[in-house]
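Below: one structure, written as structure tokens.
In what follows, every heavy atom counts, from backbone to side chain, and hydrogens, waters and symmetry copies are set aside.
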Amino acid sequence: MKALILVGGYGTRLRPLTLSRPKPLVEFANKPMLMHQIEALLEAGVTQVVLAVSYRAEQMESELRAETDKLGITLTFSHETEPLGTAGPLALAKDILASGDEPFFVLNSDVICDFPFKEMVDFHKAHGKEGTIVVTKVEEPSKYGVVVYSDQGRIEKFVEKPTEFVSNKINAGMYIFNPSIMKRIELRPMSIEKEVFPCMAKDADLFAYELQGFWMDVGQPKDFITGTTLYLKSVREKNPDMLYSGPGAVGNSLVDPTAVIGANCRIGPNVVIGPGVVIEDGVCVKRCTILRDATIKSHSWLDSCIVGWKCVVGRWVRLENVTVLGEDVIVKDEIYINGGKVLPHKAISDSVPEPQIIM
């Protein structure tokens with residue numbers, strides 16, 4: 001089987017991290033975001049993955065090829081010279097995707113969940129129609145476009161940001177299609193959600209598969225932090241041995257074995273600490289991701305933050321409220337940052353009491 005992953009965007013919502021690395025390479029739970037999807041596809045029998053790219057493709061190619069070679073997956077890059085939306089990339093990669101009779105996957109690259117790829121294939125083959133989209137339940141359907149479907153799963157219509165309740169299921173950004181869908185798609189900027197799905201629904205050719213368990217679009221910092229919490233809870237249920245149980249552990253956390261943690265620290269809940277990170281004595285970290293080679297000096301307190309690669313956070317610093325430090329940021333001692341987004345290679349010597357972007 002084959003899969004196409006849409007990785008063409010600029011990742012603007014996840015800045016300042018995406019100023020240093022393309023979003024699919026930003027580590028989520030100590031693994032490039034995209035590798036979570038690729039490993040799950042491999043388990044479901046996918047042997048070839050096409051990445052629809054338009055931005056910083058060389059960096060993605062060099063880093064991901066090493067990973068996928070180890071796994072034995074064929075990685076193909078489909079380069080867009082202009083952004084083609086969510087449907088155009090399928091037409092661009094038509095020769096690969098539609099070269100046989102097998103259905104193929106199409107995924108948004110921002111999604112983290114317990115990927116149900118094997119179950120999707122079974123469900124798709126059972127109903128025998130052209131397409132299946134995964135749907136997930138949300139608390140506030142009025143913020144999204146919702147999917148309305150029959151008891152058997154046949155999609156009847158899509159309603160954008162409904163003002164009254166029609167459904168609490170939304171498109172989760174994971175699809176499986178028969179090659180015949182290519183007849184509906186042109187090689188131009190085209191939206192699969194707005195231009196292709198409504199026609200398929202009208203032809204009774206589109207079904208909804210209900211996702212069990214957690215789901216998060218982790219394309220912006222607040223949701224990245226929430227998604228980490230949901231992911232770690234899932235790890236607790238499936239592979240509790242992966243979680244950190246060393247000194248200062250509180251709740252679910254992942255700590256790379258090469259990280260160094262000092263005395264009298266509190267690590268967790270819901271913390272991810274990357275390779276080469278140094279946490280000095282007396283530090284408290286909760287609901288945070290600390291990326292590779294960062295240093296957190298003694299007695300600092302971090303809550304709901306993402307600390308970028310090679311950052312140095314000084315002593316007695318307090319970071320909170322979805323503060324994000326880009327790569328190689330230095331925060332001087334005794335500084336307070338409340339919801340700041342700090343661009344790469346900055347030194348912060350004054351407190352930032354209000355949420356703002358620090359250029």
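Put simply, CG on Leu92 and CG on Leu4 are 9.0 Å apart, with the number rounded to the nearest 0.5 Å. Atom-to-atom distance recorded for Ser253:OG and Arg236:CZ is 9.0 Å, nearest 0.5 angstrom. We find the CD1-CD1 distance between Ile330 and Ile335 to be 12.5 Å, quoted to the nearest 0.5 Å. In this structure, CG on Leu97 lies 8.0 Å from CD on Gln48, to the nearest 0.5 angstrom. One distance of note links NZ of Lys169 with NZ of Lys137; it measures 6.0 Å at 0.5 Å rounding.
For Thr74, the side-chain hydrogen bond (donor to acceptor under 3.5 Å, both in side chains) criterion is met by no residue, not counting sequence neighbours. A search for ring-ring contact (aromatic ring centres under 6.0 Å, His included) contacts involving Phe207 returns His127, not counting sequence neighbours. Under the ring-ring contact (aromatic ring centres under 6.0 Å, His included) criterion, Phe224 pairs with Phe28, not counting sequence neighbours. Not counting sequence neighbours, the partners of His345 by the side-chain hydrogen bond (donor to acceptor under 3.5 Å, both in side chains) test are Asp328.
For the pairing with Tyr175, the ring pair (Phe, Tyr, Trp, His ring centres under 6.0 Å) check across Phe197, Phe104, Phe105 returns one residue only, Phe197. Screening Leu325, Ile296, Val342 against Leu319 for a side chain to side chain contact (heavy atoms under 4.5 Å, CB included) leaves a single residue, Leu325. Only one option out of Leu42, Val46, Ile176, Leu107 pairs with Phe117 in a side chain to side chain contact (heavy atoms under 4.5 Å, CB included); it is Leu107. Remark: of the listed residues Ile290, Ile337, Val271, Ile290 is the sole one forming a side chain to side chain contact (heavy atoms under 4.5 Å, CB included) with Leu302.
Side chains of Asp122 and Tyr209 form no contact here, defined as non-hydrogen atoms less than 4.5 Å apart. With a 4.5 Å cut-off on side-chain heavy atoms, Asn252 and Val235 do not count as touching. For the pair Cys305/Val324, no side-chain contact is recorded, criterion being any heavy-atom separation below 4.5 Å from C-beta on. Side-chain contact check for Ser234 versus Phe214: some heavy-atom pair is nearer than 4.5 Å. When side chains are defined from C-beta on, Thr289 does not count as touching Val307, because their heavy atoms never get closer than 4.5 Å. Proximity of Gln37 to Ile5: side-chain heavy atoms (C-beta onward) are separated by under 4.5 Å at one or more points.
With no hydrogens or angles considered, no side-chain donor-acceptor pair links Ser150 and Glu156 at under 3.5 Å. A donor atom on one side chain and an acceptor atom on the other are not found under 3.5 Å apart for Glu27 and Asn30. Between the side chains of Ser180 and Asn178, no donor-acceptor pair is found at a separation under 3.5 Å. A donor-acceptor contact closer than 3.5 angstrom is absent between the side chains of Asn264 and Asp281.
A salt bridge does not link Arg21 to Glu327: none of the charged side-chain nitrogens sits closer than 4.0 Å to a carboxylate oxygen. Ion pairing of Arg65 with Glu63 is absent here, as no side-chain N (NZ or NE/NH1/NH2) approaches a carboxylate O to less than 4.0 Å. Between Arg13 and Asp110 a salt bridge is recorded (basic side-chain N to carboxylate O distance below 4.0 Å).
Listed by first then second residue, pairs satisfying salt bridge (charged side-chain N to carboxylate O under 4.0 Å, His left out) with a partner in residues 190-214 read Arg184-Asp203, Arg184-Asp205, Arg188-Glu195, not counting sequence neighbours. Pairs engaging residues 234-266 under the ring pair (Phe, Tyr, Trp, His ring centres under 6.0 Å) rule: none recorded [sequence neighbours left out].
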### Task
Walk me through it: do His36 and Phe115 pass the test ring pair (Phe, Tyr, Trp, His ring centres under 6.0 Å)?
CA-CA 9 Å; His36 290 273; Phe115 296 107; 7.6 Å; no
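Below 30°, between 30° and 60°, or above 60°: for Trp316 and His299 the angle between ring planes is below 30°, a parallel geometry.
Residue-environment remark: NZ (Lys31) exceeds the threshold of 12 foreign heavy atoms within 6.0 Å. By the neighbour-count criterion of 12 heavy atoms within 6.0 Å, atom CG of Asn239 is densely surrounded, having more than that number from other residues, nucleotides or ligands.
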